[in-house]
Amino acid sequence: MDATAGKELTAVEQMLCKAFPDVGPFGTSALEKALRKLEKFELACQGDDWADPECKATNTEALQYARARAVVKGLSWSLRESLQARGRTGTIERLMEEPFLGKSNATKIVEIFQTGTCQRTLARFERGEAPLDSEGNVRMWAHRHEHKATRPMTDGPAKVELSSVLCISAMTAIKLVHERNIRSIAQLRDRPEIVRELHGGHRLDHSLRFHEQLQEPVPAEDACEMLKTVRETVRALRVPRAAGWHAELVGGGRTRGRAGHDVDILLWHKEEMASFLSSQGPVFVLDILLGVLVEQGRVLPKGEAYFSRKCVASRHDDPRPYLRQIHMAQESSKGFENLQYDHHDKFFGIWRSARTGKLHRIDLVVCSHPEELPFARLAWTGTRTLNRLMRLRAIDLGLYLGAHCFVARGDREGTTETKVVVDAQAGRPPEVITLGKLEPLPFKYVQSEEDILRVLACGTNAFAKLVDPTNRNA
DNA sequence: TGGCAT
DNA sequence: CGTAT
DNA sequence: GCCA
């Protein structure tokens, strides 16, 4: 008996009740790939929200494709069998009963499943043409009403290719295509004066030079070696209770059980924060770790390759900076971009395999406070789409869910109080916590990813399939 | 009809 | 300026 | 484009 019994589930709830295995049992991988391509074309042509500081509009088309792909991954029935038994129309109707699929998406899914492509979108994108909307009109421009329509939907393949280069954002790729007539990485490599104009310096030169290597999947042997080396190195550092540091795979390495083109590693400690105070001010475990890894030749130094480190210097003055940030974001529309990142210390850089000498992207995240571990794990395990769904669910419950904690939004009509059902399982009295505006949910109620999922399910186990990270490939 | 993750 | 799930 |  769950708390939502009797009520219709929202689309987000229906999604979170599903399991999203990497490879499903119903032969949908080609369909999933096509939906992913469509999402990438939309992101490359329109720009992702964060790629454009001027505009915080949602790329709704990309969002539609991401959700459609997640629904397909989570399907508990066979499209092929349904098409045989009920035909095209019957299958479209059945798809429309799934969350987030209306007529447009359901029809598109069936077309792609049957023909391998979609004539009005994917086939046109792949030819470099602008797609057609559901009425058959050419979608020549990204529709962002609040700004001039300066982004043509043409040249998708060129934009996808150029923006796949580390240090080249979607916006830069769009400019390269339309202002400099660059249509491929090969063409960009032939124009050093244009590369120089991009102001990416040696980092861009390096990522252009090693682009192919950086795109290759990281072999399992190397991913294991990266994790092992990071773990052993951090445990040997001269920092407080060094032996208590842990390193684990997050990201695709955790949801798929194998690395993609990068390896994401989360570092955490049961008692220690990500930094400690010395007489000279805060010292970051990540900095000391990077110093050793660079010296050992495993991590490429910042003078040589892409190297991005973000540490929260104010942690010891303001232990919970995100509370202030959430407050700022609520009060003014500015300060919003500060929310796009969490406040765990992190490193985005390049690893050199000791075995093969090949280069691979690596992300290191150091959990900032011990009790935030389940939130850091959940967020950095993802996927991106699942994070968005879980955070949408949190919004429905009046909560903010980030990579640190739950915080009551307190922005509902009438009251600033938020009631959180932390436990409502059979045979027990339900446990309800009342929070004031911007008050975090105490960590004692959320000590694991399972606890977070239970809070999202109003104290029930309705979302328990997602406890297993291999079911999180939404 | 506003909102779409942080 | 570009970067993450 | 889909949902509440």
A:Arg412 CZ to D:dA4 C1': how many Å, rounded? 13 Å

Tell me if the centroids of the rings in A:His246 and A:Trp268 come within less than 6.0 Å of each other. yes

What is the distance, rounded to the nearest whole Å, between atom CG of A:Leu198 and atom P of C:dG2? 8 Å

Out of B:dA5, B:dT6, D:dC3, minimum distance to the side chain of A:Leu392 belongs to B:dA5

Just compare B:dT6, D:dG1, C:dT5 and give me whichever is closest to any side-chain atom of A:Asp264. C:dT5

Check every atom of C:dT3, D:dC3, D:dG1 against the side chain of A:Lys310 and return the nucleotide holding the closest atom. C:dT3

Just compare C:dA4, B:dA5, C:dG2 and give me whichever is closest to any side-chain atom of A:Arg67. B:dA5

Side chain of A:Thr58 only, heavy atoms from C-beta on: which candidate in C:dT3, D:dC3, B:dA5 is closest? B:dA5

Salt bridge or not between A:Glu193 and A:Arg180? Use side-chain N to carboxylate O under 4.0 Å. no

Which nucleotide sits closest to the side chain of A:Ser134: D:dG1, B:dA5, D:dC3? D:dG1

Interatomic distance, A:Glu39 CD vs C:dT5 P [rounded to whole Å]: 13 Å

Selected nucleotide, minimal atom distance to A:Asn105 side chain, candidates B:dA5, C:dT5, D:dC2: D:dC2

Taken to the nearest whole Å, CE/A:Met390 to C1'/B:dA5 is 10 Å

Proximity to the side chain of A:Ser104 - top-ranked nucleotide from B:dC4, D:dC3, D:dG1: D:dG1

Between B:dA5, B:dT6, C:dA4, which one does the side chain of A:Trp380 approach most closely? C:dA4

Could you work out the separation of D:dC3 and B:dA5 based on their P atoms and round it to a whole Å? 15 Å

Send over the distance from A:Arg384 CZ to C:dT5 P, rounded to a whole Å. 10 Å

With sequence neighbours left out, what residues match A:Glu450 under salt bridge (charged side-chain N to carboxylate O under 4.0 Å, His left out)? A:Arg454

Looking at A:Leu364, A:Val263, A:Leu249, which hits side chain to side chain contact (heavy atoms under 4.5 Å, CB included) with A:Met226? A:Val263

